[in-house]
Each structure stands twice: as C-alpha cells, then as structure tokens.
2 protein chains.
Amino acid sequence: MITLTEENYIKAIYHLSSNGEKTVNTNAIASAMQTKASSVTDMIKKLSEKNYADYKKYQGVTLTDDGRRVAVNIIRKHRLWEVFLVEKLNFSWDEVHEVAEHLEHIKSEKLIDELDAFLEFPTYDPHGDPIPDKEGNFKHIEKIVLAKAEVGSTYKCVGVDDTSSKFLKYLDSNNIALGTIITVKHKEPFDNSIKIALEHSEIVVSQSVAKNLYLKKV
Amino acid sequence: MITLTEENYIKAIYHLSSNGEKTVNTNAIASAMQTKASSVTDMIKKLSEKNYADYKKYQGVTLTDDGRRVAVNIIRKHRLWEVFLVEKLNFSWDEVHEVAEHLEHIKSEKLIDELDAFLEFPTYDPHGDPIPDKEGNFKHIEKIVLAKAEVGSTYKCVGVDDTSSKFLKYLDSNNIALGTIITVKHKEPFDNSIKIALEHSEIVVSQSVAKNLYLKKV
DNA sequence: AAATATTTTTAGATTAGTCTAAAAATATTT
DNA sequence: AAATATTTTTAGACTAATCTAAAAATATTT
C-alpha cells in the first residue's frame with residue numbers, strides 16, 4: 001500500500017524533475033513540500049525501498065517507472081477533478097486547486113474512469129494543463145512563457161504556471177483567461193515589464209506575471 | 001482541526017447510539033471500528049478533551065452537540081456522494097459505500113453545497129436513508145423491518161440495514177430494489193423464514209435477510 | 001455478599017512522519 | 001589544494017494512533 005504522504009512526495013519529485021526523469025535534490029523537495037531536508041531524506045529512503053525512486057546518498061533522486069506511473073495517475077485524477085469542479089459545480093479556476101489536492105488521493109479506478117467518461121474525456125484542465133489518459137499518455141503542448149514572447153507577435157493564452165488564488169484572481173480582474181488572444185506591444189528593459197494588447201484594452205504586466213503565463217503562437 | 005480518525009470514531013458513536021443520544025460502551029465501538037478496547041479508551045478521552053463527547057470512566061460515552069453536528073455533516077456528505085456515484089457515474093448500489101467512506105472526509109463546504117445543488121437536493125440516498133440538509137435536519141421515515149411485517153399486508157421497500165456488497169447483490173439477483181412492492185404471504189415459525197410475493201414471482205427469504213430489509217406500509 | 005466473569009483502563013511498546021542539532025559529504029572560493 | 005560554505009545525512013526525540021498484557025472497576029452468578 002502507498003500512503004497519502006508517499007503519493008505527495010512522488011508528485012513533488014515528478015513536478016520538480018519535469019516528467020520524473022531529471023535528478024532532484026533534497027532541498028528542492030523540502031521547499032516544495034514545506035518540510036525539512038531531514039524529513040525528505042527519510043522519505044526518499046522509503047520510496048527507494050518501495051521501488052518508486054532511485055536514490056544514492058548525496059546524489060539526489062529520480063523516479064522509477066513505477067514512481068512515474070504513480071505520479072501521472074495522481075495528476076490525471078487531480079486534473080479531472082478540477083474539470084468537474086469548474087464545469088459541474090460552479091467553481092472558478094482559482095478555487096479548484098486546494099480541493100483537488102484532496103480528491104486526487106481517493107483510490108478507485110472505477111470512480112476516475114467513470115468521471116472521465118462523465119466529463120466526456122477532457123484533454124485539458126481549467127489551467128490549460130493536459131490530462132493524462134487511462135494509459136498515462138498526454139501531449140506536451142508547445143507553449144512559451146510570456147516573458148520570452150516576441151514583440152509584435154500575437155498569441156493565445158494556453159496555461160499558467162502559478163495556480164495560486166491571488167495570481168488567478170489577478171488574471172480574472174484583467175480579463176485574461178484561457179483562450180484570450182494577446183499581442184505583445186513592448187518590452188521594457190528597465191524592469192522587464194511587458195505591455196500587451198487584449199481585445200478591448202492595453203495593459204502593462206510585471207515580470208513576475210510574465211513568467212507565469214503560458215502562450216501559444218497563433 | 002479534526003482528524004480523519006476522530007471523524008470516523010464520532011460517526012461510529014453516532015450510529016451506535018441511534019442519533020448520538022444514547023450512551024455507547026467501549027467494546028461496541030471497538031467492534032464497530034475493528035480495533036481494540038484500549039485504542040477506543042484513548043480516543044474517547046481525546047474526543048472528550050476536544051468537546052466532541054462526554055465521557056466518564058467506565059460509564060461509556062455520548063456525543064455532545066458539537067459531536068452530533070460533526071456526525072450529521074459526515075453522514076450528509078457520505079449520502080450525497082452515494083447519490084452522485086449512482087446517478088452520474090453508473091455505480092450500482094452495492095458499489096458506492098466503500099468509495100463514499102473516503103469521499104465523506106473531503107473538507108470543503110462549497111464542494112458539498114454545490115454537489116447538493118447539482119444533484120437537485122436529493123432527500124434519500126440509494127439505500128433509502130435520508131440525507132441531512134445543510135442545517136443538519138432530516139426526517140426519520142416510519143419504516144419497519146420485514147421480519148416484523150404482518151402476513152397479508154403489502155409494503156414498499158424503502159431501505160436496507162446491511163449495506164454490504166453481498167447482501168445488495170442478493171437483493172438485485174432476486175429483483176428487489178428500493179420502491180419494489182412486496183406482499184407478505186407466510187411466516188415460517190420453524191426457521192423464521194418468510195415467503196413474499198413480488199410483481200412477477202414468489203420467493204422465500206431467510207431470517208437474516210428479513211432483518212435487514214426495511215419496508216413501509218402502502 | 002462472596003466469588004467469578006466481563007468490561008474497561010493503564011502502562012509501556014510500536015510505527016509513520018516529523019523535528020532539531022550535530023556530523024559527514026560535497027561544492028565553492030580563495 | 002586548503003579553507004570555507006552549503007547540502008545532505010544521521011542520531012535521537014516527539015506526536016498520533018495503534019497494540020499487548022496486566023491491573024482496576026463493574027456486573028453477574030452462586
């Protein structure tokens with residue numbers, strides 16, 4: 001049996017290593033999990049014993065195939081629940097993350113497959129992230145971050161990095177949502193802020209916003 | 001904060017005391033929770049400290065108003081999720097209990113109130129049990145157990161006591177479901193089995209079945 | 001009401017996950 | 001390549017929930 005805490009560590013390692021392949025170091029996991037390095041060491045030993053991770057002392061950790069399978073399945077569940085909350089229960093995109101963090105740990109294959117069917121097999125969640133299918137397959141869309149977009153080009157908003165409530169509310173209040181068309185007008189070298197044009201307005205966004213907004217060329 | 005284990009103990013005490021009012025003894029809780037009496041003693045001390053229960057050594061335990069409020073809220077969540085699973089996700093009534101045992105612990109008031117609305121405020125779950133509303137109110141329906149029904153009378157099936165998969169599958173295979181109309185034909189004094197008439201058949205059910213099926217006179 | 005049986009509680013140990021503080025290994029600077 | 005800084009691990013302790021075995025209280029039988 002896999003515990004809730006083990007699942008959360010596996011998920012954190014997966015996200016930190018962008019798809020579970022790259023080696024992740026102890027402190028990175030500690031800060032992602034809001035815990036101490038010593039706790040992380042204990043846990044990665046345990047994950048290693050259970051064959052979810054490969055670990056050599058002082059050398060960081062990678063997920064095994066088993067570990068990656070677990071991670072992708074949790075992500076599938078998390079994102080399907082997010083779609084459910086937004087489409088069926090009137091949640092806004094900034095409210096779903098916290099509840100989905102809990103729902104993702106409910107263990108029932110039938111539950112999640114029926115939910116998938118009920119939602120008509122969605123392929124993206126409310127933040128623009130792809131939803132793995134039953135076999136764990138999902139496409140990486142070729143997205144770029146606004147901070148690296150080129151002046152003069154037009155893009156579609158396809159996702160966010162930071163899913164915190166404050167950031168998503170900020171986007172809402174500036175009429176930026178998934179699918180919004182954005183034209184990059186000007187990059188200010190002094191503070192790396194960016195002026196962008198939306199359908200009915202022009203706004204200037206800070207560097208920290210520009211680093212968290214994903215776009216796709218149109 | 002209330003832990004998952006505390007919630008489960010409170011729920012068990014509530015069910016054992018039929019609405020949280022009657023005193024429940026340690027061994028009864030131990031057998032309901034599949035644990036040892038010594039563990040129960042520890043936990044009811046803790047529930048007592050946190051003001052969810054009133055407890056005097058060797059005298060058993062009752063729930064406080066707070067404890068009852070917690071219990072009813074968990075029951076509300078459990079039964080709403082059961083309706084969701086059956087009506088939206090194609091679960092059969094014998095499959096829902098185990099998954100609902102986990103879903104009932106997800107803590108989000110918005111989630112459960114929106115789920116309630118999405119399901120159009122159901123008042124009974126798939127086993128015929130009433131669903132408490134947001135304020136914790138719910139009606140007890142006047143139901144009798146088949147074992148005590150009178151020969152010659154006609155009843156509607158309104159609920160079950162045992163929600164185990166084996167029992168519910170037995171009912172399914174004999175075409176007994178919520179709403180099924182049943183006429184009591186004969187009670188056999190020798191083994192307390194009962195012959196009943198359904199729409200298209202007559203069957204004999206054992207005493208243990210008769211004790212777990214709830215009816216309402218029509 | 002004394003003896004016996006049952007129930008409940010206490011005492012002390014165990015496991016999962018966490019922590020602090022110190023030690024060990026690795027990385028960086030000079 | 002020594003010295004210093006950073007990262008990681010170890011050692012030992014803590015909490016929540018559990019257990020076993022023994023002691024204490026209550027209930028039942030004779």
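All figures in this text were calculated on a predicted structure; none of them were measured in a lab. Atom set for the values below is all heavy atoms of this structure, side chains included, hydrogens, waters and symmetry mates excluded. We name chains A, B, ... by the order of the sequence lines, and we start the count at 1 in each one.
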| remark: Residue set satisfying side chain to side chain donor-acceptor pair (under 3.5 Å) with A:Lys107, at least two apart, ordered chain then number -> A:Glu7
| task | Please list, by residue number, the residues of residues 48-60 of chain A whose heavy atoms come closer than 4.0 Å to an atom of DNA chain C; answer none if no residue qualifies. | result | A:Tyr58, A:Gln59
| Residues two or more places apart in sequence or in another chain: which of them pass side-chain contact (heavy atoms from CB on, under 4.5 Å) with A:Lys169? | A:Asp94, A:Ser165
| message | Side-chain N or O of A:Tyr9 versus OP1/OP2 of C:dA16: is the shortest distance under 4.0 Å? | response | no
| task | Figure out the NZ/P separation between B:Lys36 and D:dA16, and round it to whole Å. | result | 23 Å
| message | In whole Å, I'd like the distance from the NZ atom of A:Lys45 to the P atom of C:dA16. | response | 14 Å
| Residue pairs involving residues 101-131 of chain B (criterion ring pair (Phe, Tyr, Trp, His ring centres under 6.0 Å); sequence neighbours excluded) | none
| note | Its dot-bracket string being built from Watson-Crick and G-U pairs below 3.5 Å, with | for another strand and [ ] for crossing, DNA chain C has the pattern ||||||||||||||||||||||||||||||
| task | Rounded off to whole Å, could you give me the CE-to-P distance for the A:Met43 and D:dT9 pair? | result | 14 Å
| query | Which residues satisfy the ring-ring contact (aromatic ring centres under 6.0 Å, His included) test with A:His97, sequence neighbours excluded? | reply | A:His78
| query | Are B:Asp66 and B:Thr64 linked by a side-chain donor-acceptor pair shorter than 3.5 Å? | reply | no
| task | Would you kindly give the CD1-to-P distance between B:Ile2 and D:dA16, to the nearest whole Å? | result | 14 Å
| said: Base, sugar-phosphate or nothing for B:Thr26? Non-hydrogen atoms, less than 4.0 Å. | reply: sugar-phosphate
| Would you say A:Ser39 reaches C:dC19's phosphate, i.e. side-chain N/O to OP1/OP2 under 4.0 Å? | yes
| field | Contacts of type salt bridge (Lys or Arg N to Asp or Glu O under 4.0 Å), residue B:Glu109, not counting sequence neighbours | value | B:Lys134
| query | For C:dC19, does either OP1 or OP2 sit under 4.0 Å from a side-chain N or O belonging to A:Thr35? | reply | yes
| request: Output yes when at least one side-chain N/O atom of A:Thr41 is less than 4.0 Å from OP1 or OP2 of D:dT9, else no. | output: yes
| task | Give a yes-or-no answer on whether the side chains of B:Ser164 and B:Asp162 include a donor-acceptor pair shorter than 3.5 Å. | result | yes
| Set of residues satisfying side chain to side chain donor-acceptor pair (under 3.5 Å) with respect to A:Thr5, sequence neighbours excluded | none
| message | Is the phosphate of D:dT8 approached by A:Asn25 (side-chain N or O, under 4.0 Å from OP1 or OP2)? | response | yes
| query | With sequence neighbours excluded, what pairs up with B:Phe84 under the ring-ring contact (aromatic ring centres under 6.0 Å, His included) test? | reply | A:Phe84, B:Trp81
| request: Return the value, rounded to whole Å, for the distance between atom CG of B:Leu4 and atom C1' of D:dT18. | output: 15 Å
| request: Could you pull out all residues at least two apart from B:Lys110 that satisfy salt bridge (Lys or Arg N to Asp or Glu O under 4.0 Å)? | output: A:Glu95
| field | Rounded distance (Å) that lies between atom P of D:dA27 and atom CG of B:Asn27 | value | 13 Å
| field | With A:Phe138, the side-chain contact (heavy atoms from CB on, under 4.5 Å) member among A:Thr123, A:Val72, A:Asp129 | value | A:Val72
Can you pull every protein N or O that's under 3.5 Å from an N or O on nucleotides 11-14 of chain D?
none

| message | Just to verify, what does B:Arg68 make a salt bridge (Lys or Arg N to Asp or Glu O under 4.0 Å) with, not counting sequence neighbours? | response | B:Asp65
